[in-house]
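Written below as structure tokens is the structure these notes are about.
Chain letters run A, B, ... following the sequence lines, proteins first and then strands; every chain starts at 1.
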Protein chains: 4
Amino acid sequence: MAPPGTTRLQRWENRAEWPLAGAALLFLGAYAVPIVDPDVPPLVHTVCSVVVVAVWVLFALDYAVRLVLADRRGEFIRRNLFDLAIIVLPLLRPLRLLRLVTLLSVLNRAGSHGLRGRVVTYVTGGTALLLICGGLAITDAERGHPDATIHNVGDGLWWAVTTMTTVGYGDTYPVTTTGRFVAVALMLGGIALLGVVTATLASWLVERVAEADDEDQAATRAQVETLTAEVRELRARVETSLATDRKT
Amino acid sequence: MAPPGTTRLQRWENRAEWPLAGAALLFLGAYAVPIVDPDVPPLVHTVCSVVVVAVWVLFALDYAVRLVLADRRGEFIRRNLFDLAIIVLPLLRPLRLLRLVTLLSVLNRAGSHGLRGRVVTYVTGGTALLLICGGLAITDAERGHPDATIHNVGDGLWWAVTTMTTVGYGDTYPVTTTGRFVAVALMLGGIALLGVVTATLASWLVERVAEADDEDQAATRAQVETLTAEVRELRARVETSLATDRKT
Amino acid sequence: MAPPGTTRLQRWENRAEWPLAGAALLFLGAYAVPIVDPDVPPLVHTVCSVVVVAVWVLFALDYAVRLVLADRRGEFIRRNLFDLAIIVLPLLRPLRLLRLVTLLSVLNRAGSHGLRGRVVTYVTGGTALLLICGGLAITDAERGHPDATIHNVGDGLWWAVTTMTTVGYGDTYPVTTTGRFVAVALMLGGIALLGVVTATLASWLVERVAEADDEDQAATRAQVETLTAEVRELRARVETSLATDRKT
Amino acid sequence: MAPPGTTRLQRWENRAEWPLAGAALLFLGAYAVPIVDPDVPPLVHTVCSVVVVAVWVLFALDYAVRLVLADRRGEFIRRNLFDLAIIVLPLLRPLRLLRLVTLLSVLNRAGSHGLRGRVVTYVTGGTALLLICGGLAITDAERGHPDATIHNVGDGLWWAVTTMTTVGYGDTYPVTTTGRFVAVALMLGGIALLGVVTATLASWLVERVAEADDEDQAATRAQVETLTAEVRELRARVETSLATDRKT
């Protein structure tokens with residue numbers, strides 16, 4: 001996939017990848033701390049807010065640089081709508097956390113082979129991230145509401161798991177509008193998770209069953225090879241015959 | 001798919017498509033307004049009722065015209081049972097909303113390529129419509145019942161999402177018979193949604209894995225081509241030999 | 001599928017099919033009446049009980065006759081374990097209702113083409129039967145229990161739908177042990193339903209995508225045909241040449 | 001799969017398989033008894049504790065012996081991480097029960113044919129084990145908590161079923177942290193179950209539909225065979241011609 005002559009955009013993206021992944025992880029930490037412990041000292045709270053803003057600026061800068069370096073800007077924007085969504089909507093706190101997929105794609109690139117292997121890596125990582133971010137976001141949104149059933153991060157993570165697996169006991173559920181939007185994101189993630197698990201298993205089973213089919217095809221090819229050899233032999237014989245005829 | 005000599009029925013359907021889509025959207029608006037805000041002034045309420053009836057008349061007229069224009073009427077009725085159901089059952093308010101699939105099929109025709117692309121467009125649109133219509137219908141059905149857990153359109157849409165994703169927390173659930181029928185429609189839609197998401201992913205994975213298989217087949221074909229060239233060469237040689245034999 | 005020389009067992013099964021289907025339907029009616037209306041007059045109650053027992057005797061007789069007519073009895077028993085389970089366990093009332101699958105298989109045989117068509121027919125019918133029987137059985141099991149949330153057939157059917165679709169709001173749920181066993185049967189049915197819907201869609205999508213693959217194969221076959229014609233022409237030429245050689 | 005010259009490691013594993021399976025079953029019994037009946041006499045309680053510890057020692061010894069016998073120890077550890085997890089984490093009681101998969105893999109090896117058959121056996125066994133262990137573990141974890149909704153093994157098993165099928169009524173749900181971890185394991189098991197059921201059905205349907213495709217391929221192969229015969233005939237004719245030419 002990587003062309004031999006890499007463009008300046010590709011070189012930038014390769015160099016920026018790890019720093020941005022680190023920034024995304026930092027963001028998750030800074031986002032998590034005040035939610036996990038709401039009684040954190042004001043200084044820590046301020047530091048976390050600064051980190052959150054700083055990471056946002058970093059991502060925006062990265063997007064701007066890539067846009068400038070891109071050959072065809074219209075196509076670049078169309079192909080990176082998700083990156084744009086992450087930058088443009090900083091006020092929707094839960095959505096901001098999706099920046100972490102940057103980290104995920106880096107991890108993914110490093111260590112997996114084959115299409116299904118990559119799908120499994122991506123889904124496992126994405127599910128874990130979605131659970132953690134969803135659990136944090138719902139706790140932030142619900143805590144403090146008088147009818148809330150989610151009071152701390154433990155409840156939030158438990159709710160995220162019951163939602164993504166579509167079990168939905170109903171012991172914990174969102175009551176705020178923000179919380180319900182977080183829930184919709186997790187439910188969609190859950191349906192995608194179920195779909196990917198099933199599809200990967202189905203693809204594996206179909207491939208195994210299809211292996212016999214491939215052997216049939218190899219047999220056909222072997223037959224064609226035999227036949228080609230036969231025809232070449234015949235042609236050589238005819239050539240010889242013509243040569244001897246000509247001599248006589 | 002479109003034959004060069006289009007029939008009068010096809011010309012009618014092409015011309016009627018966009019107006020009917022507009023009418024379906026108008027219907028959704030007129031259906032939604034009195035449910036979203038039950039304290040709407042009586043005049044608006046009356047206008048909405050008139051629009052609902054007018055759209056119904058329009059759809060019935062369209063069906064009648066198409067039936068008259070059809071060559072084989074028995075086959076037309078059999079192939080358009082869904083359209084008939086939408087016309088014949090006007091008293092089942094929630095079912096009436098399914099008319100909007102007309103709008104969907106228009107959107108669908110306009111902008112997507114390939115089978116899976118069309119499936120994804122159709123499912124995304126259908127799911128969104130089903131959620132909106134289900135949320136409106138359940139609010140209309142439940143509001144006012146003493147044991148109701150769904151009191152406004154926000155609750156209705158939230159319930160529709162938890163039902164279609166089969167999460168079902170149990171914080172909101174229908175208590176009226178009409179509401180339970182709406183729920184059954186949404187649950188079936190949810191099972192279909194899950195099925196389509198999974199099947200599309202599985203089909204994509206299977207195809208990617210099968211590409212290696214296709215390359216095998218291309219190799220066989222290339223071999224057969226080589227063999228054919230070999231035989232043609234041989235035949236030319238034999239022809240030459242026969243020609244020289246005859247001359248001598 | 002039907003061999004020209006039908007055995008006595010097959011003739012019996014063909015002749016017994018429709019009467020047994022009628023008996024199964026009668027059984028469902030007789031089972032339903034006292035559950036739908038618990039205040040039915042004692043005479044009706046007695047008639048229903050008699051019908052239930054009579055249908056059971058009929059099924060047992062049918063099984064006995066088929067066992068006598070079968071060539072290899074060991075194999076017959078092994079291949080008809082489900083029929084045996086229906087006969088031998090008459091005390092497990094809910095399981096008895098599974099006899100109705102007889103009716104289903106008859107309907108199935110009558111009107112559907114292709115593997116996927118048969119699967120869809122079977123699943124739709126089986127789901128409907130499981131819903132109705134599950135709704136009746138749970139009402140019978142739960143009604144009367146002090147903590148019951150299911151009080152009539154309407155509640156029972158609603159609960160059956162929420163269970164089979166795995167939504168499970170929690171507004172209705174079984175509290176008796178019998179009811180929980182009915183629930184397990186419906187949940188398994190629900191998982192099977194979801195699996196079959198998804199698998200049928202996936203199979204359809206895979207087949208459509210594979211059609212291009214089939215065209216490739218047809219192209220290979222056409223090439224081989226061209227080649228065969230070429231070789232036959234060549235052989236005719238050689239034969240002619242040999243014949244003229246011999247003459248001279 | 002089994003190479004003719006079995007290593008000492010393989011001989012050990014073959015000999016240890018059945019005793020370890022028995023030990024795993026014993027472990028399940030010893031784990032279950034004090035949970036099913038909490039008022040069991042102190043002596044029985046002590047015996048059960050001893051059995052649980054003894055089985056753990058046995059599994060650890062088996063792992064140690066296999067590690068010593070293995071040729072490449074690094075690879076052995078990497079390929080048997082699951083076995084190691086079972087040994088190293090003895091304090092996480094619910095996880096310990098996963099040792100029973102040993103038993104399952106033995107049963108599996110004994111009696112099933114074909115890939116899908118093995119998948120079905122494995123999933124059915126794994127689901128049953130997960131349900132039983134999950135039901136026991138949740139009862140152990142929840143019973144005694146003031147807000148608990150699960151009070152005995154019957155409730156525990158019922159909760160396990162509603163969780164694995166993702167129905168989640170919400171009549172029973174874990175409130176302790178341990179219980180919630182058990183729940184996560186069961187939910188993951190449930191998603192895997194749904195995925196395997198669907199994937200197996202899809203694979204079966206795809207294979208059935210692909211059989212026509214296989215027939216096409218067989219036709220191609222038959223054609224190539226005809227062609228080969230034709231070419232051999234031709235070559236024989238040419239050889240004869242050359243022989244007669246040489247004689248004259």
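- Within a 6.0 Å sphere centred on CZ of D/F181, heavy atoms belonging to other residues, nucleotides or ligands number 12 at most.
- Within a 6.0 Å radius of OH in C/Y63, other residues, nucleotides and ligands contribute more than 12 heavy atoms.
- Contact annotation for D/L193: only side-chain heavy atoms (C-beta onward) come within less than 4.5 Å of a heavy atom of chain C.
- Of all residues in residues 158-174 of chain C, those placing a non-hydrogen atom less than 4.5 angstrom from a non-hydrogen atom of chain D are C/W159, C/T163, C/T166, C/V167, C/G168, C/Y169, C/G170, C/T172, C/Y173, C/P174.
- D/A202 approaches C/A199 most closely through the heavy-atom pair N-CB, 3.3 Å.
- For the pair C/L194/D/L194, a side-chain contact is recorded, criterion being any heavy-atom separation below 4.5 Å from C-beta on.
- Contacts between residues 143-154 of chain D and chain C, counted as heavy-atom pairs separated by less than 4.5 Å, involve D/G154.
- Within the model, atoms OG1 of D/T198 and CD1 of C/I191 stand 9.0 Å from one another, a figure rounded to the nearest 0.5 Å.
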